[in-house]
Each structure stands twice: as structure tokens, then as C-alpha cells.
Amino acid sequence: MNYKNVLLAACFTVAGYAQAQKQAPVIVKASQLVSEVQPTMWGVFFEDINLGADGGIYAELIKNRSFEFSKPMMGWQVTQDFFDEGALQVINRLDKNTANPRFLRITKKAADSKLAITNEGFRGMGIKKGLRYDFSFMYRQTAAGIGLSLELLNNEGKTIGTATVSATAVGDGWQKAAVSFQSTDSASKGRLRVNITGSGSMDVDMISMFPSDTWKGRPGGLRADMVQKLADMKPGFIRFPGGCIVEGFDLSQRYQWKNTIGPIEERQLIINRWNFEFPHRSTPDYFQTFGLGFFEYFQLCDDIGATALPILNCGMACQFNTAELVPLDQLDPYIQDALDLIEFANGDVNTVWGKKRAEMGHAAPFHLKMMGVGNENWGPQYLERLQLFTKAIKAKYPDFKIIASSGTDPEGKRFDFLNTELRKMNADVIDEHYYRSPSWFLSNAGRYDNYPRDGAKIFGGEYAGHSDKVVDGKKQNNWQAALAEAAFMTGLERNAAVVHMASYAPLFAHSEGWQWTPDLIWVNNLQSYGTPSYYVQQLYSLNKGTHVVPALLNGEAIKGQDSLYASAVVDKNAKEIIIKLVNASVRPVLKDIVIEAAKLDKNAELTVLGSEELWTVNTFSSPEAVSPKTSQITVSAGNKLSFTAAPYSFSVIKLKMK
Ligand code: AHR
């Protein structure tokens, strides 16, 4: 332990140093079931921020495939060895196709001239040696004679894959052509060159290329390593699609789920608000193609056994931006969207929206049970709108749960007002967000100990330990933040009677395309890794148990005494007792843990997550610097464990009941 660390630790610990000597034991009353833990307790929150969807989990490699970005040729580089200003024309057929108005008209007069368009991908394309790539595009031509040949290029511009596309149909209608080919090498920043061969004229649109190793091998699907990271957490729910993108900069840019289903060429692209939100991380090429749309979100939930939690716009645009409001007498279409979404998810195949779901390949219902109305909305104007949504939804679906917003912050006048009014309204669930310093998380581990047990339940919908309040991208996913989150989460778990759900935010970030830090999982074009916070979330989720039991020190909940934070659950199905214990101090803490239970197996399992350095981070080259390590420990007579909580550690102790 170096001098610097001791000083830093002095700032970090809130309850002073615990001495490396035995003190009062931790008592776990394993036969006293306090409350149930909801199966939905620990989940994830997905938003298309930081290239989370386009350029991230949505495995499309071509950026601006349908020429709909504000600058229609953004992402495409044109090469030609002849002068013809009219060789490439962007045509807008808005009158005929409002969802996908632009296409590219290619005219090449001489067969022996060179014309190519090269797509740069999202910060390049991640290409894997020997993998099959599936290229497709839509075209229209009145005569054959012009064609496409493909060249996959590596970082240096060397060809690492070739194919020729057969596109010979002639006529007025749009056709689809496809070809698959293998890459001969890997590249972290590949590109695709589309050479125009022959001569003639052809209209092209929806130029697309996917790797074949998508999640479950689905064509046009999701990046498997990123989905696997989620599946490995076994999340109780997925909250989607945001976040601020639900609200939109203005109402025209709000998220509208109906525009995100059906054939992908009919899903109307919009600008992503994270494109321009933060000047220090301006991302002019950030748009939402909705290739990952509401059907795919439901399918993802189904795949990994998570409950779907969609959030819908409540008739208000982001109050930090335009704060546009839909007048109350014009709110009906917004409410109808909510009702239709329930029908889309759950309705019989003979209903209008249930039929659309079935047509997309899922005749069985998705069993949607809850929805959020509004993201971080606030004020009386939010309550008025929420009331109208609630009335209409409950009239048709009385058991359906509605998640209400408590604004942007977990305290202050805005929060107090909403919290009071939402409780008067008998809100089902209140969504609280806390982006706060590590010390806030430590000192708020008891936040819910005195929350009312009846009435509204709590959803910690977005939270993360932030090293400061400045939005400058310097906040890191270090062990200090994760440890404080782990300590705070003992309080969420202890209060599972009132806290029914919680999710860290944001979920994904691309190392070259992020807008917001910290984030749970970092990716580049080929790799992904979990941060220390990821492993904290995973340890809670994989060890959620079925019932909370008391974990006490001197008869009190453990929320900072001796720098310890603890909670305990019983898993009635697995017959396990699981104790979570955080040591937030620089020194080891020795504790006897006495488990008041019938009979325990003497072999127990200890999983420790930790680092002696609070500033340790995981990286692409060292993705498991902070990661769980499991060992066996022994329970001694009297159901006692002599336990040493390592400095700055989060321990999960799993005991088997006989
Ligand atoms: O998680 C990032 C953003 O933080 C979300 O979009 C928003 O809800 C919150 O302000």
C-alpha cells in the first residue's frame, strides 16, 4: 500500500478505518424472511447512446446504407477516373416513399472507366478472418449491363475479400440482390469498396453488409459478443429504448415505436439526439436506423429471459432542450401508441397489432406487463399527461404496471414535488435516477430503509458512480465507482420490499464513438469488455436469491459501520444463503459471521471482486483486471465463518443449507 493510496483512501472511506482486529460479529438471520426479492430486481437499461445500437449491438457494418443522413453521402467515399458530375445523383422520392425517400442513381457511360463508392463503416468495420459476410442491396434498372463487384479492404487498404453481385432483373420495381463471401484476413478498421462494373444506369438503396456470426445466427441481427455480455448477467428486465432518446430534442425527434417495426427499408431513420447533444463529443454521423427496433427488443428480452420494460414518450420533449409539449387535447395519438404497443406485444394474432407481430415471426405473445410513461420528465405538466395515460391504460388493462418518472435527480424540490404527487396518485412504480459521486453512494446505502412499504414501489432506473459532476468524458469506470455502487446496492437489496427493480446506466459505449461516461460495457469493432461495475451488477443479478434476510451488526443494518456494507438473501429454490459484503476501507476487516440457520454444509463458496487500487480500470488489453475470483471456504461449528474482508473488496459468500 503506497503513501498516495493511503491518502486517497482517507478521502474515500466514510466511517474511518476499521482495525485489522475482530469486532462484533455480523449476524445473518437466515430463517427470518423479511420480504421477497422480485425476479425483475436486477436488470439492464439499453439506450442508443455511445453507438450502443447503430455502430454497436446492431451488427450492420455499412454506415448510412440508405443515404438518409443529413449529408446523403456521409460515410461514403467516391472514386472515379473520369469527369462526369452526373455519375452519382442522390434522388429524393419523398412523394412516393416517406420512410426511405433517398436513393443513389448511378450512371456509368464507359465500361472501362473506374467508379467506386467505399463505405468507411462505423469507425471502420471489424472484420474477422475466415468469417462469412452477407452483402445485400436494393436496385432498380431499365436495362442490364451495369453491376457491382465488392472488395473488402483492411486497415492498410489491402483487399481481404471479394465478390461479384448478380443484379440482372430489369423493370420499374425495386429488387433485392445478395451475395455472401469470406474474409481472408482480420481487420479492426476494414472498409467495403463497391466497384461499379460495366456501363449503364442503376438506382441503388439499402446497401448492407452483416457478419454471419450474429447472435443466434440471425440474418441482419445483433452482435453476438455484446448480447452474450447481457445474457451472462441474466438480467431480470431490459429497459429500452432510453433515456433521453425517448423524449427527443423536440417532439419531431421523439422515439416512435411504430416507425421501428416491419421491413427494415420501411423503418424511418431519424437523427440521434446524441449526435449533437454534447459539443465536446459531437458525433455528426450518429443516426437511428431502427434496425434494432421494438420487435428486436422484445425478441432480445425473450432470448435472454428478461422482462421487457419499454419507455414511451409522454407528450413532452426533453425539458433540458426544447421542452415542447403536446397540448392535452392532442395527446390521444400518444396514448394510442401505448395501447397499441400492449396489443403489439400481447395481442391475439387476429388483432391489428398482434397480427403485425406474427407477421414479423412471433405469433406467440411477448407477455408485456409494464411500461414507463416518460423518461426524465417533471413538473405539473408531466403529471397531467401521466394521469391521462394511466387512466386509458388501466381502463383497458387493469393489471398493467406503469412506471412514473421522478425527474432527473434523487433529491431537491423537483423530486420532492413529484414524489409527493405520484404517491397521492397511487403510482405503481416510481423511477429514480442517481448519477452521483462515489461518496454519495456510500452515504446513501440506507436511502430506502425508511421508505414506506405500502404504496408505490421503486425502480432505480439509471445510476452510476461519477467521479465528478462535469460532463467532460473524464469520468472513468474505476474500482472506486464500482465499489461504491456495490455498497449502495446492499441497501437496494435489503429494501427489496420496496425496491423492485434497478439498472445501471448507460449500458454500452464504443471506445471511439461515445458521448457519455462512465458506461457498463465498452466495445470497439472487434472486442468488448465488462467494467468493474459490470461485474458488480453481474454478481448481484446472479445471486439475487428469493428472499431478503437480516444481516446485522450490533443489531443494526450494516451501512457503513467499520466501513462495511452488507445484505443477505436466501434462495429457497437453490437452498442457499447468500451474503454480500463490501469493505470500503483501505485495511482488511476481520469479522466473525454467524449464520442463524438450521444446518449448513461446511463447504461454502466465496467470490471476491476487488483491487487494492481504487483507480484500477479494465481495458481491452486487460479486460479482467477487476473481475470475480472464486474460492472455497469452510464454515466452522456453530455456523460461524471467520472472515477477512480484503481492503476495497466486494465479497459474495454462498452457503448451502442442508
Ligand atoms: O444514461 C444517459 C442519460 O442520462 C439518459 O438518456 C437520461 O435518461 C439520463 O439523463
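Every number for a ligand or one of its atoms is a count from 1 in the order of the listing.
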| said: Please confirm whether the ring centroid of Tyr434 lies under 6.0 Å from the ring centroid of Trp440. | reply: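 Yes.
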| message | Looking at Thr531 and Leu520, would you say the former's side chain and the latter's main chain have a donor-acceptor pair under 3.5 Å? | response |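 A pair under 3.5 Å: yes.
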Identify every side-chain donor-acceptor pair in residues 284-292 under 3.5 Å, counting partners at least two apart or on other chains, and give the distances.
{"unit_1": "Asp285", "atom_1": "OD1", "unit_2": "Arg123", "atom_2": "NH2", "d": "3.2"}
{"unit_1": "Asp285", "atom_1": "OD2", "unit_2": "Lys63", "atom_2": "NZ", "d": "2.6"}
{"unit_1": "Asp285", "atom_1": "OD2", "unit_2": "Arg123", "atom_2": "NH1", "d": "2.6"}
{"unit_1": "Tyr286", "atom_1": "OH", "unit_2": "Asp48", "atom_2": "O", "d": "3.1"}
{"unit_1": "Tyr286", "atom_1": "OH", "unit_2": "Asp48", "atom_2": "OD1", "d": "2.4"}
{"unit_1": "Tyr286", "atom_1": "OH", "unit_2": "Ile49", "atom_2": "N", "d": "3.3"}
{"unit_1": "Tyr286", "atom_1": "OH", "unit_2": "Leu51", "atom_2": "N", "d": "2.9"}
{"unit_1": "Tyr286", "atom_1": "OH", "unit_2": "Gly52", "atom_2": "N", "d": "3.4"}
{"unit_1": "Thr289", "atom_1": "OG1", "unit_2": "Asp54", "atom_2": "OD1", "d": "2.6"}
{"unit_1": "Thr289", "atom_1": "OG1", "unit_2": "Asp54", "atom_2": "OD2", "d": "3.4"}
{"unit_1": "Thr289", "atom_1": "OG1", "unit_2": "Gly291", "atom_2": "N", "d": "3.3"}

Please state which protein non-hydrogen atom is closest to [atom] and give its distance, to 0.1 Å?
atom	value
atom 6 (O) of ligand 1	Glu47 OE1, 2.5 Å
atom 9 (C) of ligand 1	Glu462 OE1, 3.0 Å
atom 2 (C) of ligand 1	Tyr435 OH, 3.6 Å

N or O contact, [X] vs ligand 1, cut-off under 3.5 Å:
X	answer
Ala505	no
Trp274	no
Trp516	no
His433	no

Per-atom contacts of ligand 1 with [X], taking only distances under 4.0 Å to non-hydrogen atoms:
X	value
Pro506	1 (O), 2 (C)
Asn375	7 (C), 8 (O)
Glu376	7 (C), 8 (O), 9 (C), 10 (O)

| Polar side chain donor-acceptor pair, Asn377 to Gln319, under 3.5 angstrom |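 Side-chain D/A pair, Asn377 to Gln319: present.
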| query | For residues Gln268 and Thr98, is any side-chain donor paired with an opposing acceptor at under 3.5 Å? | reply |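 No.
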| Testing Ile238, Ile403, Leu368, Asp431 for side chain to side chain contact (heavy atoms under 4.5 Å, CB included) with Leu309, which one passes? |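 Passing option: Ile403.
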| message | Regarding Asp428 and Lys457, does a basic nitrogen lie under 4.0 Å from an acidic carboxylate oxygen? | response |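 Salt bridge flag = no for Lys457 with Asp428.
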